[in-house]
*Asks:* 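Supplied in structure tokens, the structure appears directly below.
Atoms within a ligand are numbered from 1 in the order they appear, just like the ligands themselves. All values below come from the heavy atoms of this structure, side chains included, with hydrogens, waters and symmetry mates left out.
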Amino acid sequence: MKLTPKLPTDLAPLLALGAHPDDIEFGCGGVVAEQAVTGRRIHLVICSQGESATYGDAPRRVAEAKEAARILGATIEFAHLGGDAHFQVTPESIIAMASILRRVKPSVVLAPSLVENQHPDHPRLGRIVMDAARLARFGGVAELQAQAPHAIEQLFYYSITTEAEPRDISPIFIDISAENVMDLWKKTMEAHASQTAARRYVELQITRARLNGLRAGLEYAAALFPADPLVLDSLSQISKSTRQF
Ligand SMILES: [Zn+2]
């Protein structure tokens, strides 16, 4: 069988979800930028307005997230899961998220990791997305009858901080070394000026990407953590591992 890779523009959208306006850019912005550069459609869902934050009020933070999406060329929407610092894993939250999945019809979904040692909204959102991915493909959920079932292909977790990296999942590393990818990622992080003025978030994330790059034999790499085992069409698709370091 000959494998014919699809053009990025033919792929179903990449869906990235954040609990707060800056989570995506700081947590998985490198890989989102990498996909944006290939021309893939990207949709961002921000599940609060960041209204409980120490720095920046909700209108400013919403504007910053919209600016980051504009820089990426991504579409963006704001969802409500109870408000910043009030996320709960409830059937209602999971069904609301499943409805988003059925509407956007992504193949790959990025969500915060389930590790508890972080802002409580982050692992709760990860859990809501994990459960929603299951309900989105079930035919009989009464509240979802208006939309056709949709099965995503892969859910990946990302970590916004080092402490939130899952210890029980081997990451996959994605090469984000290209200059245009790194430039784009930095611009999207810097769009969150209310946060970057307060702490050195950009330097922290670039340093994490550099450390992952060294582990992977690359300049810069983004780590994603598969929620389920990856399936390949052929072993020939495997290139390299971090074992060479
Ligand atoms: Zn957050």
*Asks:* Please state whether the separation between the Zn ion (ligand 1) and some N/O/S atom of H119 is under 2.8 Å?
*Replies:* no
*Asks:* Return yes if some donor-acceptor pair links the side-chain N/O of Q195 with the main-chain N/O of Y55 below 3.5 Å, else return no.
*Replies:* yes
*Asks:* Would D121 count as a contact for the Zn ion (ligand 1), in the sense that one of its N, O or S atoms lies under 2.8 Å from it?
*Replies:* no
*Asks:* Just checking Q145: does its CD atom have more than 12 heavy atoms from other residues, nucleotides or ligands closer to it than 6.0 angstrom?
*Replies:* yes
*Asks:* Evaluate whether atom CZ of R127 has more than 12 neighbouring non-hydrogen atoms of other residues, nucleotides or ligands under 6.0 angstrom away.
*Replies:* no
*Asks:* With the Zn ion (ligand 1) as the point of reference, which N/O/S atom of D23 is the closest?
*Replies:* OD1
*Asks:* What is the name of the N/O/S atom in H20 that sits closest to the Zn ion (ligand 1)?
*Replies:* ND1
*Asks:* Between E67 and R70, does at least one N-O distance fall below 4.0 Å, as a salt bridge requires?
*Replies:* yes
